[in-house]
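Lettering of chains follows the sequences in order, A, B, ..., and the numbering in each one begins at 1.
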Amino acid sequence: MSMPEKQLKFGEAIKEAVAEEMRRDPVVFMMGEDVAASGNIFKVLVGLYEEFGAERVIDTPISEAGFVGLGVGAALTGMRPVIEIMFGDFIALTMDQLVNQAAKIRYMSGGQAKVPLTIRATMGAGRSSAAQHSQSLHAWTSHIPGLKVVMPSTPADAKGLLKSAIRDDNPTLFYEDKMMYNLKGPVPDGDITIPFGQADIKRTGDDVTLMATSSMVHVALGAADILEQKGISAEVVDPRTLVPLDKKTLVESVSKTTRAVVIDEGYQSFGITAELTSVVYEGAFDFLEAPIVRIGAMDVPIPYSKPLEDATIPQEQDVVEAVTAMM
Amino acid sequence: MSMPEKQLKFGEAIKEAVAEEMRRDPVVFMMGEDVAASGNIFKVLVGLYEEFGAERVIDTPISEAGFVGLGVGAALTGMRPVIEIMFGDFIALTMDQLVNQAAKIRYMSGGQAKVPLTIRATMGAGRSSAAQHSQSLHAWTSHIPGLKVVMPSTPADAKGLLKSAIRDDNPTLFYEDKMMYNLKGPVPDGDITIPFGQADIKRTGDDVTLMATSSMVHVALGAADILEQKGISAEVVDPRTLVPLDKKTLVESVSKTTRAVVIDEGYQSFGITAELTSVVYEGAFDFLEAPIVRIGAMDVPIPYSKPLEDATIPQEQDVVEAVTAMM
Amino acid sequence: MSVDDRLAMEMYRGMLRIRRFEEQILNIYTAGLMDGIAHLYIGEEAVAVGVCSVLNDEDYITSTHRGHGHCVAKGGRLDRMMAEVMGRVTGYCRGKGGSMHIADMSLGILGANGIVGGGFGIATGAAMSAKMRRTDQVAVCFFGDGAANQGVFFEVMNCAAIWNLPVIYVCENNQYGEHTATDSVTAGECIADRARPFGIPSEVVDGMDVLAVREATVEAVERARAGQGAAMIECVTYRYRGHHVGDPGLAYRSKEEIDEWIAKDPVEGWKRRMLATGAATESDFHAVDEAVEKEVLDAVESAKAAPWPEVTEVRKHVYA
Amino acid sequence: MSVDDRLAMEMYRGMLRIRRFEEQILNIYTAGLMDGIAHLYIGEEAVAVGVCSVLNDEDYITSTHRGHGHCVAKGGRLDRMMAEVMGRVTGYCRGKGGSMHIADMSLGILGANGIVGGGFGIATGAAMSAKMRRTDQVAVCFFGDGAANQGVFFEVMNCAAIWNLPVIYVCENNQYGEHTATDSVTAGECIADRARPFGIPSEVVDGMDVLAVREATVEAVERARAGQGAAMIECVTYRYRGHHVGDPGLAYRSKEEIDEWIAKDPVEGWKRRMLATGAATESDFHAVDEAVEKEVLDAVESAKAAPWPEVTEVRKHVYA
Ligand SMILES: Cc1ncc(C[n+]2csc(CCOP(=O)(O)OP(=O)(O)O)c2C)c(N)n1
Ligand SMILES: Cc1ncc(C[n+]2csc(CCOP(=O)(O)OP(=O)(O)O)c2C)c(N)n1
Ligand SMILES: [Mg+2]
Ligand SMILES: [Mg+2]
């Protein structure tokens with residue numbers, strides 16, 4: 001028996017998650033720049049303001065540190081704020097609030113406090129938006145104990161994981177690749193949450209594991225199609241949450257396939273790909289038949305001009321080449 | 001013929017570097033909180049204010065984002081600011097200025113501009129200063145193209161690398177482990193700079209490579225002494241600069257020893273140890289006889305109480321155990 | 001006096017408890033019984049006590065690195081505070097926070113803070129939360145003159161003003177931020193002026209006078225509870241000791257300056273006024289002094305005897 | 001008029017160049033000839049031109065995401081700007097920056113900025129640098145009403161005040177930040193008030209009147225060059241178009257409101273005044289209009305014909 005489901009865009013799935021959680025729990029509210037009447041600049045939240053009103057869907061001043069700080073205070077005192085950071089690059093303005101306050105208050109207070117705060121931030125290049133509107137900076141928050149980090153790649157994951165994030169009692173970063181907002185996919189009906197810390201095998205395969213996050217999952221799936229034609233069977237594993245990280249599934253997949261490529265849209269150096277690589281070596285050293293290959297964004301500020309920008313973002317062809325070279 | 005040298009404390013070496021560069025170049029100046037008459041809270045800069053006066057050694061308001069922003073503007077227009085961030089934890093307040101501005105202006109302007117800005121920030125736990133005054137957050141800036149990152153471990157390295165940082169035309173983060181300020185060591189006389197991107201082998205050995213940064217170099221050296229007594233010969237490699245990174249020296253050492261442990265005081269997950277590990281696997285996969293072991297700070301906010309804090313910082317014994325287990 | 005005799009004595013007791021507590025902290029530090037440092041509130045007691053005398057247990061405060069006074073004044077337990085400073089598991093934060101992070105969520109003490117300006121967002125967010133939950137709680141944000149130069153201060157004042165939040169910003173202008181004189185890094189006539197562009201009423205009060213602080217707070221809290229929004233109070237005060245327990249505090253300020261302020265001592269001054277008005281007698285004070293002394297020494301003894309946290313504690317409370 | 005006829009016409013020409021340039025940007029966007037977006041300055045021309053009419057090539061400006069007007073007014077070349085917006089290697093930034101990052105360091109144009117409030121630190125630091133290097137340069141920081149809610153604005157004003165820096169903060173209050181009305185997220189009577197607590201003189205001027213803007217700037221620049229420190233000018237203005245080229249700009253404001261502002265058009269208004277005072281004749285304007293039209297169209301044609309950057313460019317200019 002198949003679950004009832006519908007087709008939703010990634011952005012719609014996000015709105016549904018916020019709306020359902022706001023209906024379910026009166027202390028959930030949404031704030032950010034242009035999130036109310038305009039439904040955010042990507043039009044992801046259209047309708048929320050009409051349904052929940054100005055008290056629960058709040059346009060903020062352009063004061064990222066300030067309103068994230070307010071979110072911390074509200075979360076500490078009984079509310080469950082969901083805060084939007086329009087471009088993930090602006091996370092830089094909020095690091096002190098997130099890292100020195102939100103992430104640590106529970107621990108510093110010896111477990112007295114909790115900070116059920118969800119930050120929705122966009123990420124991803126591809127729109128010719130240049131160096132300050134295209135970054136994927138999720139490595140920073142992944143490095144900080146006390147924060148959780150979610151990287152959905154499909155509408156269903158987005159909805160189920162965002163619902164979990166809002167219900168989670170910890171400060172959680174939910175990164176949305178803005179290039180995926182119009183991506184459609186099946187989303188199960190009903191109040192379905194997806195637990196954190198469970199990687200998802202998006203495609204099974206035998207010869208190589210492609211570990212990918214967020215929109216890079218689709219790059220990996222595209223590469224897997226091409227590889228199939230070359231007779232190479234690729235498994236695509238999506239960790240879905242970086243913190244907590246489902247090391248077991250990653251290690252098991254690579255132990256089976258014996259080869260791996262890691263793809264993430266953050267800058268390549270000192271980023272996500274390094275941690276995933278290290279974790280796999282720690283668990284599957286004896287099984288690996290070739291060095292793991294990392295593919296991140298090129299280590300340059302993201303350029304404006306389209307041909308240059310394209311060169312900095314991991315592409316299917318890069319993955320195909322890496323795999324072909326390691327077989 | 002041995003070079004003339006003197007014994008200096010780590011902190012004194014830093015002061016000498018700043019003073020020499022200020023004497024050498026009138027556009028170098030120093031600013032930060034309590035850096036002038038008080039010579040900073042660790043007393044590292046005592047004497048600079050007397051020598052150079054209030055115009056070049058400047059006490060700032062407690063406005064970290066603001067004065068780093070000023071530094072960017074001053075650097076763009078002919079000055080060479082050296083800015084102190086009293087506790088590296090406060091880097092969180094300056095990320096937008098460093099990452100969205102300083103790191104990118106050159107690239108975004110198509111090479112027209114340069115930003116010769118040096119940020120001196122402390123790092124390191126061990127003083128019972130709790131979660132907001134003990135962090136080592138250098139992984140964040142290492143992840144960002146356009147920034148350089150320096151991690152000195154000895155007085156001589158501190159002096160030579162800081163002089164290079166001040167002369168460098170790029171925004172450079174210079175991280176000082178505050179637990180090392182009183183550490184003494186030989187420092188060559190004269191105008192000696194140390195180029196970026198050259199790892200230093202602090203001790204040669206054959207059986208295992210200990211790659212360590214900043215104060216962890218001394219933990220590694222201590223462990224190497226203990227290991228020697230157990231008949232294990234450890235090589236200690238200090239990358240000295242994380243960006244640019246001397247991959248070659250790291251890879252060559254491990255290719256020789258066939259085993260490695262990486263030690264860094266940043267949080268272990270998604271941190272420096274992951275990148276160094278990945279780089280070594282990429283270069284020395286075929287030589288490795290055991291999985292590389294990573295030792296970072298425990299993934300918890302750093303606790304106040306001494307017995308707890310001690311448990312979070314990598315110790316000699318952790319290194320010894322890791323090595324013993326992998327032989 | 002606009003407070004009754006009982007309350008007058010409570011305010012005296014409150015200030016004295018802080019004073020004596022802080023003196024013991026210095027003793028403990030000097031005796032090598034604490035591993036970290038602490039920032040003493042001695043000299044500034046009238047601010048915390050004047051403000052908190054107006055608050056309920058349900059109201060919120062955010063505190064600073066110099067936070068013991070706020071915590072005591074809001075009802076915090078001396079024994080749990082002392083144990084925390086000594087890193088013991090019986091401390092408010094099980095030894096994990098130390099002096100700079102003492103919190104008692106059950107009393108609305110949302111935490112001391114090691115980040116200068118760290119309380120701005122939290123207090124304003126707590127006020128937002130109170131308003132959204134339709135309680136009549138108010139939030140008080142204590143902060144230093146140095147913190148008034150952090151940009152987030154202005155961001156949250158703007159939010160408090162546009163959303164009409166029940167938050168009161170209490171600036172403790174003690175003339176210095178660490179070793180730097182406030183005047184040398186702080187533009188303008190007074191810090192209170194900084195609230196005005198946002199339409200937030202603000203005033204400067206004598207922070208050595210517990211009654212003046214209380215009265216300004218009464219007004220601000222009444223307005224806030226009546227839904228009339230935020231206020232700011234700048235309390236002009238002084239820290240007698242160095243920036244922290246390890247700083248003699250003499251390199252950057254003169255003995256004369258310190259003595260001038262000590263002459264305006266909030267605890268002694270209040271006692272003199274109470275005696276002068278007949279609000280209490282010497283023997284009333286004697287009884288209070290003794291009780292406070294004992295309470296503080298008991299806190300020290302119990303903390304000394306308290307167990308350290310087990311090392312297994314270290315991984316707990318990272319996540320809820 | 002307090003400007004001579006030649007300068008009056010230069011200011012007209014300056015405003016018109018911006019207007020026509022921006023119109024072409026919209027054309028190009030609509031024609032699918034640019035990959036990113038751009039934020040048009042149409043309606044606000046009097047601000048950039050009034051301010052920059054007072055500056056030298058050596059003076060600095062920092063600009064915003066809505067930066068074309070500032071760049072043109074400070075002397076930037078239209079062809080290199082257009083090429084940049086079209087991502088070509090002949091652009092100011094070799095195609096790496098795009099609309100939001102155009103800079104010409106040789107003209108003191110320290111860059112447009114994609115971070116709202118990103119210019120505050122840079123401009124104030126440039127002023128600090130000018131002072132330290134003992135030049136008589138001034139730095140002008142253009143910023144929007146929305147940016148006035150970024151905390152760093154207050155941090156740098158405080159620095160500018162205590163260090164007496166030659167920086168002028170020019171707020172372009174165009175009534176909206178993206179789709180959000182300024183009033184709904186901005187407390188207080190006016191943004192200019194925000195400079196006052198720091199002792200920085202500030203005033204509100206009609207941002208549709210190039211002469212009013214110029215006169216306020218003359219005063220501020222004179223003070224700054226004379227070592228008398230910072231100033232702030234709030235220019236009340238309006239953007240005729242949407243937030244960016246892809247936004248019709250009609251969902252959150254009424255046709256009437258837009259028309260009211262267009263009735264005060266800075267370019268047309270200035271032309272009428274010049275005609276009325278006899279500063280120029282219709283045929284003078286005709287000549288200028290034609291020349292500007294040609295210059296802008298030439299810029300478009302040259303940009304269209306210009307080469308794209310080679311892919312090998314991508315790794316260049318990360319480090320100096
Ligand atoms: C963001 C940040 N910057 C710097 C510091 C270091 N620091 C601790 S206390 C202090 C001075 C604070 O001055 P003020 O706000 O006036 O409080 P006071 O100590 O005078 O009570 C400084 C600079 C810090 N803890 N946090
Ligand atoms: C730090 C930051 N936050 C948010 C944005 C997104 N954003 C771009 S322009 C803009 C509105 C800016 O308003 P204002 O300063 O008034 O300038 P205007 O667009 O009206 O000229 C916003 C919110 C940004 N670019 N940077
Ligand atoms: Mg102070
Ligand atoms: Mg605006």
Exercise. Roughly how far apart are C/Thr186 OG1 and D/Phe198 CZ, rounded to 0.5 Å?
Worked result: 10.0 Å
Exercise. What is the distance from atom CZ of D/Arg194 to atom CZ of C/Arg194, rounded to the nearest 0.5 Å?
Worked result: 14.0 Å
For this session: With a 4.5 Å cut-off on heavy-atom pairs, point out which of C/Val156, C/Asp183, C/Ile191, C/Asp193 contacts chain D the most.
Result: C/Asp193
Problem set entry | Heavy-atom proximity to chain D below 4.5 Å, by part of C/Arg196 | neither
Problem set entry | Under 3.5 Å donor-acceptor, C/Asn158 side chain and D/Ala187 backbone | yes
Exercise. Do side-chain atoms of C/Glu155 reach the backbone of D/Gln150 as a donor and acceptor pair under 3.5 angstrom?
Worked result: no
Tell me if the [atom1] atom of [X] is crowded by more than 12 foreign heavy atoms within 6.0 Å.
X: D/Glu219; atom1: CD; value: no
X: C/Gln228; atom1: CD; value: yes
X: C/Glu203; atom1: CD; value: yes

For this session: Assign the ring pair D/Phe154 / C/Phe154 to parallel, tilted or perpendicular, where the plane angle (0 to 90°) is split at 30° and 60°.
Result: parallel
